Number of protein chains: 2
Amino acid sequence: MCMNLKLATEIGKCLSNNPRVQILEWLKEPEKHFPPHETLKHFNDGVCVTYIQEKAGLSQSTISTYLANMEKCGLLIITRHGKWSYFKRNEELIRQYTEFLL
Amino acid sequence: MCMNLKLATEIGKCLSNNPRVQILEWLKEPEKHFPPHETLKHFNDGVCVTYIQEKAGLSQSTISTYLANMEKCGLLIITRHGKWSYFKRNEELIRQYTEFLL
DNA sequence: TAAATATATCGATAATTCTCGATATATAGA
DNA sequence: TCTATATATCGAGAATTATCGATATATTTA
């Protein structure tokens, strides 16, 4: 999907709220901001909802919705392992967005 | 002023609404989207409020407020000539913002 | 100085977003 | 299968934003 005004505005909406921008920043360096996983020993697929929720200090439902919105507009990529959902940055989409702005 | 979470969120708010994102896009190439000025013969300082307002099709007060907000967070630079206010993109700030995101 | 023009600000209502707790769903383990 | 854990979805009230018309301010010109 290529960048356009409509999608850019949806991305902008995700980036218009402090907690969401903060999450995107944390996910730049997961190992620096989140505890290591007990099952998975890496952050290749990002961070699970619970860790992000605890760090953000908002309710589970709020964070779940935020992450779903960010995934929907492409800012994040979701990978499910069993009962966990891992979220990581979609660097390609973010690059497309920044190129659209410039 | 250097980029930080708070400012990035303010910028995100400006970029969370269709008309504002559209304005930022139009201002990439003013000569392509707006009529030439009768007094000034160039777009060096950008485009006046009236032209932007007519092109956007929203009320004068709405556009004036939008432009003021975008100027306040640094996305636009305002230059006044007599009774006109000209707005142009602040490429440096936009670059800082994109680097923050990446 | 009076009128016209361009922009900014104010006050208000409608629409959207924020954020929560409650509850539903899905998976894993006893 | 029953229970615990992780995540998603729903419904609601509070807060914020969208957008307008009216009006104020500033500048230019007659």
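A quick note: this is a predicted structure, and the numbers were derived from the prediction, not measured.
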Can a donor-acceptor pair be found, under 3.5 Å and without considering hydrogens, that links the side chain of Thr62(A) to the backbone of Leu58(A)?
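No, the answer is negative, given that no donor and acceptor are paired below the 3.5 Å cut-off.
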For the backbone of Gln60(B) and the side chain of Ser64(B), can you confirm whether one donor and one acceptor N or O come within less than 3.5 Å of each other?
no
Could you go step by step and tell me if Arg20(B) and Asn17(B) meet the side chain to side chain contact (heavy atoms under 4.5 Å, CB included) rule?
CA-CA 6 Å; Arg20(B) 287 190 299 257; Asn17(B) 152 292; 3.0 Å; yes
Separation of [X] atom [atom1] from [N] atom [atom2], in whole Å?
{"X": "Ile63(A)", "N": "dA6(D)", "atom1": "CD1", "atom2": "P", "value": "16 Å"}
{"X": "Met70(B)", "N": "dA18(D)", "atom1": "CE", "atom2": "P", "value": "12 Å"}
{"X": "Gln53(B)", "N": "dT19(D)", "atom1": "CD", "atom2": "C1'", "value": "12 Å"}
{"X": "Asn69(B)", "N": "dT16(D)", "atom1": "CG", "atom2": "C1'", "value": "13 Å"}

If you fit an axis to the five pairs at each end of the helix from dT1(C)-dA30(D) to dA30(C)-dT1(D), how big is the angle between those two axes, to 10 degrees?
20°
Going 5' to 3' through nucleotides 4-17 of chain C and flagging B where a protein heavy-atom sits under 4.0 Å of the base, S where only the sugar-phosphate is that close, and - otherwise, we get -BSBBB-------S
Begin with the C-alpha distance, continue with both residues' side-chain angles, and end with the deciding distance and a verdict on side chain to side chain contact (heavy atoms under 4.5 Å, CB included) for Tyr97(B) and Leu15(B).
CA-CA 12 Å; Tyr97(B) 178 60; Leu15(B) 299 176; 3.7 Å; yes
Above 12 or not: heavy atoms from other molecules or residues under 6.0 Å from NZ of Lys28(A)?
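Atom NZ in Lys28(A) is packed in, count exceeds 12.
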Is it the case that the side chains of Asn44(B) and Tyr86(B) hold a donor-acceptor pair, with the cut-off being a distance below 3.5 Å and no angle test?
no
If I compare all heavy atoms of Phe43(A) with all of Phe34(A), which pair ends up nearest, and what's the gap?
CZ-O, 3.9 Å
Closest contact, heavy atoms only, Phe100(A) versus Ala8(A)
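Where Phe100(A) meets Ala8(A) most closely, the heavy atoms are CE2-CB, 3.5 Å.
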